[in-house]
Amino acid sequence: MIERTHDSFGRMLLTVLVALTLSVLPLPLWLSAVRPAFLVITVLYWSISVPRLGGIGLGFFSGLALDVFRGAVLGQNALALSAITYVAVREHQKIRLKPSFQQALIVLGALVAYEFILFAIDGWTGHPVTTPLRWIHTLTGALIWPLATAVLDRTRGAR
Amino acid sequence: MAAYGAGNYRVSQGRGPAAGFSFTLYAILAIVLMVLDRRGGWLTQARYYLSAAAYPLQLAVSSPAQAWHWTQETFTARATLEAENAALRARDRELSLQTMRFDALLRENDELRGLRSALPPVADHWMPAEVVDLELNALKQRLLVNRGAHNGVFRGQAVMDSYGLLGQTTRVSPWSSEVMLITDPEHAVPVEIERTGVHTIAVGTGDPDSLALPYLPANADIKYGDLLLTSGLGGVFPQGYPVARITEIRRDAVQPLAQIRASPLAKLTLLREVMLVWFEDGHPAAPVQLKAGAATSGNPTLQRQPGPPLTPLPLPDLPRLALPPAPSSAPSSAPTKPPLKAATKTATKAHK
């Protein structure tokens, strides 16, 4: 069990790295508005399916990486991601049993909460960004959730 | 999903309070980080190393685009290259003709100023930098370029392309630096209208094709196609570099201020290579060099000099009329600290 955990920790890091790359990949303007938050979705997946593996630390450090890449206030994404990771880890059993459609709805809620925390911190630090464009990615994120779980289940080698 | 057996279930049940505890810890850590980052200080150093660590991934991420450009360049048709060559030759001829005139003008200017020797150009040296990453959206207009502290790049350095002003460096890492474009919504350039000499501020809009000039009165003397130059105020950019051309003027009888848009001369959306510029210290047109963290103090030599005490002149005893209040200070000694106010004031004054 222990070496298996070790192995899956490596896989988790790999998927997180790939998701981070997808998140910071330079894209044209219209595409980057609809780009789902790949890293947030990946972290949510791991905290729902294997909460013991990454835990809230995974959310915190992924968020910190996002802060560094995006040039945001250090700790902004880290706080938002650890908050939704915490909820996901606490409720993972309930969420896991839901059908895919309901899971997508829950993910939508989590993404909106995440974006809201970012929005609040943006306002607090004096860069209020009120364009509705910033909320679009929550919808696309919820839409790709079933696909993302399918792909990530593969990488985990889940039967 | 055999992995989610009963054993797992119990273990994860037992982690409820622990998760809450670690969440609290991480949340406090994140908030402390945010507060420290807002305050500045030692976290800038931490960020310097963190962004150095992030740079390889940023390079890797941008490599597909770079590879695409490379293949495009390698397999361009001969005809295209010849056409490009011809265009460049024509441009070269045109520019050298202009430079000839420029030299003559420079001499003339020096003579007019009564200087003995010709002034060297204000730009001391230039360094080309490649664009690694480009972020152009409504919230942020930034570039990542492949030159950093190791190449001598400093924070607040002017960045240009061959057509005009691009922006300034905002964050410098060991091997890369982030450039805030003039169209970033948080960026403002002090500019001067070339035709009239009126000073104002050009503010970024978040759109790579447009700058806003929100501080000009509705009756300001400004025309479609007017050229905006850097005014040399603000301490980052030297005086006299082209910034933008006016593309849209809207005057509303109700509004006290005109709504003016200008289009940047630099080709912001087609950037592959930019120029980092170092300026000659002490040159009359050079920007005031700022010490780190003292963005408001300015150059002490440009501060107001202690003048004679401001006692009212003894006026002959005449029947007093309602005199207009005398201007309190000369415009040249106006502090550069609140640039918006100062610029609008000068603008209105110039218009009157």
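Naming convention: chains lettered A, B, ... in sequence-line order (proteins, then strands); numbering from 1 in each chain.
- Side-chain N or O atoms of B:D37 include one that pairs as donor or acceptor with a backbone N or O of A:L74 at under 3.5 Å.
- Only the side chain of A:L64 comes within less than 4.5 Å of a heavy atom in chain B; its backbone stays farther off.
- For A:V89, the part lying under 4.5 angstrom from a heavy atom of chain B is the side chain only.
- Within residues 100-108 of chain A, no residue has a heavy atom under 4.5 Å from a heavy atom of chain B.
- In this pair, A:Y86 and B:F23 present their aromatic rings parallel. The plane angle is below 30°, not in the 30 to 60° band.
- Not counting sequence neighbours, A:V151 has no partner by the side-chain contact (heavy atoms from CB on, under 4.5 Å) test.
- Under the rule for a salt bridge (Lys or Arg N to Asp or Glu O under 4.0 Å), the partners of B:R142 that lie at least two apart in sequence or sit in another chain are B:E178, B:D184.
- Only the backbone of A:D67 comes within contact range of chain B, judged by heavy atoms closer than 4.5 Å.
- Both the backbone and the side chain of A:A83 come within contact range of chain B, each with at least one heavy atom under 4.5 Å from a heavy atom of that chain.
- Looking at B:L25, there are no atoms closer than 4.5 Å to chain A (heavy atoms on both sides), in backbone or side chain.
- For the pair A:I121 and B:M34, the minimum side-chain heavy-atom distance is below 4.5 Å.
- With sequence neighbours excluded, no residue satisfies salt bridge (Lys or Arg N to Asp or Glu O under 4.0 Å) with B:E273.
- Within 6.0 Å of atom CH2 in A:W124, more than 12 heavy atoms from other residues, nucleotides or ligands are found, so the atom counts as buried in its surroundings.
- The minimum heavy-atom distance between B:A30 and A:L79, with the atom names listed, is CB-CB, 3.7 Å.
- Using a 4.5 Å cut-off between heavy atoms, A:F60 contacts chain B through its side chain alone, with no backbone atom that close.
- Atoms CZ and OH, on A:F61 and B:Y26 in that order, are 5.0 Å from each other to the nearest 0.5 Å.
- Of all heavy-atom pairs spanning A:I56 and B:S22, the tightest one is CD1-OG, 3.5 Å.
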